[in-house]
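Counting starts at 1 for both ligands and their atoms, following the listed order.
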Amino acid sequence: MDKFVIEGGTPLVGEIPTSGSKNAALPALAACLLTEKPVILHRVPRVRDIRTMERLLTFIGARVEKDNGGCTAVTAGVLENPEAPYDLVKTMRASSLVMGPLVARTGRARVSMPGGCAIGARPINLHVQALEKLGARLTQTHGYLEAEAPDGLQGATIRFDRVTVTGTEDVMMAAVLARGETVIENAAREPEVSDLAELLVKMGARIQGAGTSTITIEGVQSLGGAEHTIIPDRIEAGTFLIAGAITGGRVKVTGCIKEHLDALLDKLTAAGAVITHPAEGILEVDGRGTIRSQDVTTTEYPGFATDLQAQYLALMTQADGISFVTETIFENRFMHVPELGRMGANIRIEGRQAIVAGARELTGTTVMASDLRASASLVLAGLVASGETVIDRVYHIDRGYERIEEKLSRVGARIRRVE
Ligand code: EPU
């Protein structure tokens, strides 16, 4: 298993490009199952979760062709196995995103039930209830969910009990081929949902309101091919901005979308980092001043993203004063805290809140990555810690960050991968 070895203490200076969004590319790949025509996607990040999704599409019967850059072409001609097997679902929960498209296109889907994961129980009951509302019959047997709609799906009004990102995406993909109108209320407003809607519209779907809490979909008989460029990864860009701030450096993040990062930018500014937006697609952070404590509460978009909580928490270990970091989306997303503690951070967990007392000097040691964003937080801590930090199990970070050690090295980080 690969490890990262980081020599901390160097301020990062320079420019880092943003890759395509993992969480936008995953549903986009699943959407390719909705048509027999080729769908061409650009700026698909080459990360492990994407490879898992591509393997899943191939297993189902699609042809997946990739070039050396970020272009992936998917042709989902005949779907012989409308199924997501346990082996793939257990490595990536977003595999459940194929359920909606499969049942819409083939009238059936068999998807392994995902188990819990490091950040919480993560049930998919809301996906199931919504598909049932569209007329699918769902049964659970031998650890699999089987969905059937031999006569096709029927549009309906779906009001989600709570906001779910992949739930909204799954149902949107089912509803585009349903008869009549579907209205999704309390829909997720994340940019990844809007990006998926944009792709589906290019394929011939009729969708209005994506990016708001109410999405209206008028079903069509079939969809065609399309070409689409995935949005930049706001979480990756945010991680690099925090890297600039935590190391007291000056980092320019290119190829990102400022509006997608506003909640983070507000917090970084309030904490004393200087953020500028010199041109479209470019954000610059200057972290040479003092970083002050600044509370944060994660919420759905446009609020502060749970996927940036761990990285922000690492920054708060270096801020003057006490900060309260409250996690409202997942029930167990503080796995990085004990590891940061081993590096010298002073953090207490009380329920869904982490109370961070800074600024504490961090010292390098061996720490364990437990999930994707927790690993990113440990990398950030390693960049500022004195001495050597060894991060074990970096396959977690490879799930969602494209060559992070190369990108960080380019701006002066002393980080290397060892096998
Ligand atoms: N929930 C339910 N039932 C459901 C679905 C969700 O109770 O059927 C709960 C979840 O347990 C959670 C909350 O609702 O407490 C929100 O979960 P959501 O469904 O929005 O999460 P997700 O769609 O499974 C996506 C991202 C996550 C990101 C969350 C929240 C993808 C592939 N994954 O997950 O990304 O944290 O939205 O923004 O889009 C990551 O990239 O590291 C990551 C975990």
Undergrad: Residues in ring-ring contact (aromatic ring centres under 6.0 Å, His included) with F304, at least two apart?
TA: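 Testing F304 for ring-ring contact (aromatic ring centres under 6.0 Å, His included), a comparison that skips the adjacent residues, returns Y312.
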Undergrad: Would you check, one step at a time, whether the test salt bridge (charged side-chain N to carboxylate O under 4.0 Å, His left out) holds for R234 with E236?
TA: CA-CA 6 Å; R234 62 194 168 104; E236 188 204 27; over 6 Å; no
Undergrad: Ignoring hydrogens and angles, tell me if any N or O in the side chain of T75 forms a donor-acceptor pair with the backbone of G77 under 3.5 Å.
TA: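 Here the side-chain-to-backbone pair does not exist.
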Undergrad: Which atoms of ligand 1 have any heavy atom of I124 under 4.0 Å away?
TA: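 Those qualifying, in numeric order: 4 (C), 8 (O).
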Undergrad: Output the list of atoms in ligand 1 that are nearer than 4.0 Å to some heavy atom of H127, sorted by atom number.
TA: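 Those atoms are 8 (O).
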Undergrad: For ligand 1, find out whether one of its N or O atoms is nearer than 3.5 Å to an N or O atom of I329.
TA: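 N/O-N/O distance below 3.5 Å exists for this pair.
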Undergrad: Examine D307 against ligand 1 and note whether any of their N/O atoms are separated by less than 3.5 Å.
TA: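 N/O-N/O distance below 3.5 Å exists for this pair.
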Undergrad: Which residues pass the salt bridge (Lys or Arg N to Asp or Glu O under 4.0 Å) test with D398, sequence neighbours left out?
TA: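 With sequence neighbours excluded, D398 shows a salt bridge (Lys or Arg N to Asp or Glu O under 4.0 Å) to R417, given in chain and number order.
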Undergrad: Answer yes or no: does an N/O atom from E169 fall short of 3.5 Å to an N/O atom of ligand 1?
TA: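 N/O-N/O distance below 3.5 Å does not exist for this pair.
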Undergrad: Considering the heavy atoms of T306, write down every atom of ligand 1 situated less than 4.0 Å from one of them.
TA: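 Ligand 1 atoms under the 4.0 Å threshold to T306: 30 (C), 36 (O), 38 (O).
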Undergrad: Check each of A25, A94, P123 against atom 2 (C) of ligand 1 and report the one with the nearest heavy atom.
TA: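 Residue with the shortest heavy-atom distance to the ligand atom: P123.
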Undergrad: Just jot down the ligand 1 atoms closer than 4.0 angstrom to any heavy atom of T166, in number order.
TA: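 Selected atoms, number and element: 22 (P), 23 (O), 24 (O), 31 (C), 32 (C), 39 (O).
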Undergrad: Any nitrogen or oxygen of K22, side chain or backbone, less than 3.5 Å from one on ligand 1?
TA: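 Yes, K22 has an N/O under 3.5 Å of an N/O on ligand 1.
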Undergrad: So does E405 pair up with K407, basic N to acidic O under 4.0 Å?
TA: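 No, E405 and K407 are not salt-bridged.
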Undergrad: So, 4.0 Å and heavy atoms of R333: is ligand 1 close enough to count as a contact?
TA: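 Yes; R333 lies near enough to ligand 1 that a heavy-atom distance drops under 4.0 Å.
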Undergrad: Check for me whether E192 has a heavy atom closer than 4.0 Å to any atom of ligand 1.
TA: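 The answer is no: ligand 1 sits nowhere under 4.0 Å from a heavy atom of E192.
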Undergrad: So is V163 close enough to ligand 1, meaning a heavy atom under 4.0 angstrom away?
TA: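 Under 4.0 Å: yes for V163.
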Undergrad: Numbering the atoms of ligand 1 from 1, which are under 4.0 Å from a heavy atom of L372?
TA: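 So the answer, numbered in order with elements, is 42 (O).
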Undergrad: Is the NZ or CZ atom of R189 positioned over Y301's six-membered ring, under 6.0 angstrom from the centre and within 45° of the axis?
TA: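 No - R189 does not lie over the ring of Y301 by the 6.0 Å and 45° rule.
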Undergrad: Give yes or no for whether the N/O distance cutoff of 3.5 Å, strictly under, is met between E190 and ligand 1.
TA: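 Min N/O separation from ligand 1 is not below 3.5 Å for E190.
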Undergrad: With a 3.5 Å distance limit and no angle check, can you tell me whether T168 reaches the backbone of A188 through a side-chain donor-acceptor pair?
TA: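 At least one qualifying donor-acceptor pair exists.
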Undergrad: I need the single residue from T182, V183, T214 that forms a side chain to side chain contact (heavy atoms under 4.5 Å, CB included) with T157. Which is it?
TA: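 The option that passes is V183.
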Undergrad: Would you say R108 has more than 12 foreign heavy atoms packed within less than 6.0 Å of its CZ?
TA: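 Counting other residues, nucleotides and ligands, CZ of R108 stays at 12 neighbours or fewer.
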